[in-house]
There are 2 protein chains.
Amino acid sequence: MDLREISRLLYQIKLAEQNVASSFERETGFSLTRYEMLQVVKERGVCSQRVIKEEMKIDNAAITRHLKILEEKGYVVRERNAENHREMFVRVTEKAEQDLGHCERDEQTNHLVLQALSAEEIQHLSGLLQKLNSHT
Amino acid sequence: MDLREISRLLYQIKLAEQNVASSFERETGFSLTRYEMLQVVKERGVCSQRVIKEEMKIDNAAITRHLKILEEKGYVVRERNAENHREMFVRVTEKAEQDLGHCERDEQTNHLVLQALSAEEIQHLSGLLQKLNSHT
DNA sequence: TTGTATCGTTTGACAAGTCAACGATTGATA
DNA sequence: TATCAATCGTTGACTTGTCAAACGATACAA
């Protein structure tokens with residue numbers, strides 16, 4: 001396994017990422033990152049940006065900017081934590097719940113991944129990625 | 001397999017891409033994309049940007065910009081095709097060959113992927129990605 | 001020969017990520 | 001208690017990708 005073969009593999013991962021992310025956005029109307037972010041916030045009810053950062057492994061700056069956009073679109077509300085004014089508390093709005101539920105219902109079977117891979121293959125892929133990601 | 005599970009999987013792919021790309025760059029000194037680009041050009045001897053585009057599935061604009069940087073660093077030379085002045089012919093320099101060979105020798109076993117996955121697992125991952133990528 | 005379509009590349013405007021520097025709070029300590 | 005350090009978030013500069021518009025060849029038709 002020389003460097004050239006490794007780079008081919010890594011480049012395949014890059015292409016896969018680009019393909020799936022853009023098809024996800026095309027099909028749902030949400031960017032993958034913002035969809036995840038809304039789900040993370042929704043599942044916690046209320047949470048600080050630090051929690052989002054730890055959960056999503058994404059840079060603080062990116063979070064601030066995504067939340068600003070989500071706020072403008074009326075998907076989240078932010079307010080300072082009264083007990084600790086450094087923290088911003090985020091929660092999703094009714095509108096977000098509705099729109100998320102909406103695309104949940106719309107896009108059941110037509111996703112790129114489901115077309116390309118069987119359930120077992122997806123399971124397998126997920127396991128490999130988890131192993132890869134856990135090695136920092 | 002609902003939308004939430006799909007987005008989790010896709011987000012794993014995104015994280016994997018970010019991890020492997022940045023560790024590749026840290027370890028070799030080349031960005032993954034530019035390394036691939038140099039290899040593609042090197043393997044063909046001389047080629048037009050259109051060929052790079054088809055091989056790498058990357059936008060034209062990105063190619064132009066990467067090549068500009070590689071040219072500034074002395075890794076590639078570009079000249080118009082004398083038979084068709086629309087095309088730019090690209091080839092790698094001596095310096096590129098040397099530096100590529102250099103990091104080839106340096107970085108044999110310490111790559112993230114090799115630490116995380118066995119040879120069979122890598123094989124398997126590659127197959128799954130290929131299947132995924134071939135579905136557009 | 002003169003449009004006109006097409007090709008290959010370049011450029012500009014945007015999206016989404018990084019890092020580093022900053023600012024406001026809070027907590028710890030001398 | 002005054003100061004100093006750590007925490008949380010924001011902002012600015014940069015990278016690397018996209019798409020769309022523009023550009024200079026070239027090819028082909030009338």
Side-chain angles (χ1 to χ4, degrees), chain A residues 10-11 13-26 29-38 41 46-73 76 78-90 136, chain B residues 10-11 13-26 29-38 41 46-73 76 78-90 136:
Chain A
L10 304 194
Y11 198 76
I13 298 178
K14 186 194 201 80
L15 290 181
E17 189 275 325
Q18 293 175 181
N19 286 338
V20 299
S22 76
S23 86
F24 183 90
E25 182 158 3
R26 201 178 327 112
F30 286 102
S31 90
L32 176 58
T33 300
R34 287 203 275 272
Y35 183 90
E36 268 297 301
M37 198 170 285
L38 284 174
V41 174
V46 166
C47 71
S48 70
Q49 298 187 194
R50 187 179 48 74
V51 171
I52 300 176
K53 178 197 167 101
E54 282 158 8
E55 185 81 4
M56 295 183 67
K57 279 113 175 63
I58 194 182
D59 193 272
N60 268 326
I63 296 177
T64 294
R65 285 160 193 150
H66 279 301
L67 288 179
K68 210 178 114 203
I69 290 166
L70 289 171
E71 200 170 28
E72 281 164 11
K73 292 189 178 167
V76 302
R78 298 192 305 155
E79 50 204 3
R80 295 217 162 269
N81 176 358
E83 268 108 60
N84 181 349
H85 278 240
R86 286 175 299 196
E87 279 186 341
M88 289 297 275
F89 274 166
V90 194
T136 304
Chain B
L10 305 195
Y11 199 75
I13 298 178
K14 184 193 202 81
L15 291 180
E17 189 276 326
Q18 293 175 179
N19 286 338
V20 299
S22 75
S23 86
F24 184 91
E25 182 157 4
R26 200 179 327 112
F30 287 102
S31 90
L32 176 58
T33 300
R34 287 203 276 271
Y35 183 90
E36 269 295 302
M37 198 170 284
L38 284 175
V41 175
V46 166
C47 70
S48 71
Q49 299 186 193
R50 188 180 47 74
V51 171
I52 300 176
K53 178 198 168 101
E54 282 156 10
E55 184 81 6
M56 295 183 68
K57 279 112 176 61
I58 193 180
D59 193 272
N60 269 325
I63 297 177
T64 294
R65 285 161 194 150
H66 278 302
L67 287 179
K68 211 178 114 203
I69 290 167
L70 289 171
E71 200 169 29
E72 280 164 10
K73 292 189 178 166
V76 301
R78 297 194 304 156
E79 50 205 1
R80 294 217 163 271
N81 175 358
E83 268 109 59
N84 181 349
H85 278 238
R86 288 175 296 196
E87 280 186 340
M88 290 296 275
F89 273 166
V90 194
T136 306

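Since the structure is predicted, the reported quantities are computational estimates derived from the model, not experimental observations. In what follows, chains are A, B, ... by sequence order, proteins preceding strands, each numbered from 1.
- Scanning all heavy atoms of the two residues, the minimum distance from B:Ile52 to B:Cys47 falls at CG1-SG, 3.8 Å.
- One interatomic measurement links the two molecules: CD of A:Glu79 to C1' of D:dC8, which rounds to 17 Å at whole-angstrom precision.
- Regarding contacts with the backbone of D:dT15, every side-chain N or O of B:Arg34 stays at 4.0 angstrom or more from both OP1 and OP2.
- Scanning residues 16-24 of chain B for heavy-atom distances under 4.0 Å to DNA chain D yields an empty list.
- Put simply, the side chain of B:Thr33 reaches to within 4.5 Å of the side chain of B:Met56, judged on heavy atoms.
- Of the two residues near DNA chain C, A:Asn81 and A:Glu25, the one whose nearest nucleotide lies more 5' is A:Glu25.
- Listed by chain and number, the residues in a salt bridge (Lys or Arg N to Asp or Glu O under 4.0 Å) with B:Glu79 are B:Arg91 (sequence neighbours excluded).
- Considering only residues two or more places apart in sequence or on other chains, A:Glu54 meets the salt bridge (Lys or Arg N to Asp or Glu O under 4.0 Å) condition with A:Arg50.
- B:Leu15 has its CG atom 16 Å from the P atom of C:dA16, to the nearest Å.
- Straight-line distance from the CD1 atom of A:Ile69 to the P atom of C:dA16: 6 Å, rounded to whole Å.
- Among residues two or more places apart in sequence or in another chain, the ring pair (Phe, Tyr, Trp, His ring centres under 6.0 Å) test is passed with A:Tyr11 by none.
- An angle of 20°, rounded to 10°, separates the two end axes of the helix from C:dT1-D:dA30 to C:dA30-D:dT1, each defined over five pairs.
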(request) Heavy atoms under 4.0 Å is the rule here; annotate nucleotides 7-13 of chain C 5' to 3' with B where the base is hit, S where only the sugar-phosphate is, and - elsewhere. (result) BSBBBBB

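- Partners of B:Ser48 according to the side-chain hydrogen bond (donor to acceptor under 3.5 Å, both in side chains) rule, which considers only residues two or more places apart in sequence or in another chain, do not exist here.
- Residue contacts for B:Lys14: at a heavy-atom cut-off of 4.0 Å it reaches the sugar-phosphate backbone alone, with no base atom in range.
- Shown here are the side-chain hydrogen bond (donor to acceptor under 3.5 Å, both in side chains) partners of A:Glu87, two or more places apart in sequence or in another chain: A:Asn81.
- For B:Thr33, a side-chain nitrogen or oxygen approaches OP1 or OP2 of D:dG17 to under 4.0 Å.
- Distance A:Glu36 CD to C:dA16 P: 15 Å, rounded to the nearest Å.
- Of all non-hydrogen atoms in A:His85 and A:Arg80, the two that sit nearest each other are O-NH1, 2.9 Å.
- With sequence neighbours left out, the side-chain hydrogen bond (donor to acceptor under 3.5 Å, both in side chains) criterion links A:Arg86 to A:Asn84.
- A straight line from CG of A:Leu32 to C1' of D:dG17 spans 16 Å, rounded to a whole angstrom.
- Rounding to whole angstrom units, CE of residue A:Met37 and C1' of C:dG17 are separated by 11 Å.
- Scanning for ring pair (Phe, Tyr, Trp, His ring centres under 6.0 Å) contacts around A:Phe30 gives A:Tyr75, with sequence neighbours left out.
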Please report, to 0.1 Å, the donor-acceptor pairs under 3.5 Å made by any side chain of residues 58-66 of chain A, with sequence neighbours excluded.
residue : atom : partner : partner atom : Å
A:Asp59 : OD1  : A:Ala61 : N            : 2.8
A:Thr64 : OG1  : A:Asn60 : O            : 3.4
A:His66 : ND1  : A:Arg34 : NH1          : 3.0

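- The interatomic distance linking B:Phe30 (CZ) with D:dT15 (P) rounds to 17 Å, in whole Å.
- In this structure, the NZ atom of A:Lys53 is 10 Å from the P atom of D:dC8, given to the nearest Å.
- With sequence neighbours left out, the side-chain hydrogen bond (donor to acceptor under 3.5 Å, both in side chains) criterion links B:Ser23 to no other residue.
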